[in-house]
Amino acid sequence: MNWKLVVVGGLVFYIVMFIISFVTGPLIHEGILKEPYRAYEEFWRPELNQEPPDMAALMPRWIATGLVTSFVMAAIYGWLQPALGKGWLAGAKYGVLLSVLGALIMAGWSGVFDLPGTIWVWWAIEQPFYYVPAGAVLGWLGERLAPR
């Protein structure tokens, strides 16, 4: 395992997704899904049900879990990279793979959590917007940090 890829690649993967969230957050979560979220507010953390929502209270948790999962995703990319090819295209393929797996997991969760289909569908639609660009950057960076 290449630790430079895990640490630096994971950090960059996270940063790309964080930047993209400035577009998808207002568009999807504060726009399209605003009413479904309100209708199912018992599912959300109390900080999100305050008026205005206390996003700052959740940021430490979101950042910590985002970084840990990004490091794990970068490590998994390092293992799968030989099967995906090289460079940014290999990373973009990985992003597509993550998006498909995420949608499949959400399909399973939709049979457990009583949330409307609109929420699940938009969460699944959102994933490629995060994972494909972040994966492409990870793939590009991986060629420099961990050439094969």
| Any idea which heavy atoms bring Ala74 and Leu5 closest together, and the distance? | CB-O, 3.7 Å
| message | Could you work out, with side chain to side chain contact (heavy atoms under 4.5 Å, CB included) as the rule, every residue matching Val6, not counting sequence neighbours? | response | Met1, Trp3, Phe71, Ala75
| task | Determine, using the 4.5 Å side-chain heavy-atom cutoff (strictly less than), whether Leu141 and Leu80 are members of one ILVMFWY cluster. | result | yes
Side chains of residues 16-27: which donor-acceptor partners sit under 3.5 Å, not counting sequence neighbours?
{"residue": "Ser21", "atom": "OG", "partner": "Phe18", "partner atom": "O", "Å": "2.5"}
{"residue": "Thr24", "atom": "OG1", "partner": "Glu126", "partner atom": "OE2", "Å": "3.1"}
{"residue": "Thr24", "atom": "OG1", "partner": "Tyr130", "partner atom": "OH", "Å": "2.6"}

| note | When every non-hydrogen atom of Pro116 is compared with those of Tyr40, the smallest separation belongs to CD-CE1, 3.4 Å
| request: Please check if Leu138 and Trp88 belong to a single hydrophobic cluster, counting links between Ile, Leu, Val, Met, Phe, Trp and Tyr side chain heavy atoms closer than 4.5 Å. | output: yes
| Glu35: partners by salt bridge (Lys or Arg N to Asp or Glu O under 4.0 Å), with sequence neighbours left out | Arg38
| query | Would a distance-only check, ignoring hydrogens and angles, find a side-chain to backbone donor-acceptor pair under 3.5 Å from Asn2 to Gly78? | reply | no
| message | Show, in sequence, the C-alpha distance, side-chain angles and deciding distance for Leu115 and Trp123, and conclude whether the side chain to side chain contact (heavy atoms under 4.5 Å, CB included) test is met. | response | CA-CA 12 Å; Leu115 293 170; Trp123 285 353; 4.1 Å; yes
| query | For residues 92-109, which residue pairs qualify under side chain to side chain donor-acceptor pair (under 3.5 Å), counting only residues two or more places apart or in two chains? | reply | none
| query | Do Ile63 and Val68 belong together in a cluster built from hydrophobic side chains that touch within less than 4.5 Å? | reply | no
| query | Residues in ring-ring contact (aromatic ring centres under 6.0 Å, His included) with Tyr37, at least two apart? | reply | His29, Trp44
| Phe129 CZ: over 12 foreign heavy atoms closer than 6.0 Å | no
| note | Heavy-atom nearest pair, Pro128 first then Pro133, reads O-CD, 3.4 Å
| request: Using the test side chain to side chain contact (heavy atoms under 4.5 Å, CB included), find all partners of Trp122 that sit at least two apart in sequence or belong to another chain. | output: Ile28, Ile32, Leu33, Thr118, Ile125
| Do the side chains of Val137 and Val72 join up, straight or via other hydrophobic residues, at under 4.5 Å, putting them in one cluster? | yes
| With a 4.5 Å heavy-atom cut-off, do Leu67 and Leu11 have their side chains touching? | yes
| task | Scan for side chain to side chain donor-acceptor pair (under 3.5 Å) pairs involving residues 48-65, sequence neighbours excluded, and state none if there are none. | result | none
| Should the heavy atoms of other residues, nucleotides or ligands under 6.0 Å from CZ of Phe43 be counted, would the total exceed 12? | yes
| query | Can you list every pair that meets side chain to side chain donor-acceptor pair (under 3.5 Å) and has a residue in residues 66-81, with sequence neighbours left out? | reply | Gln81-Arg148
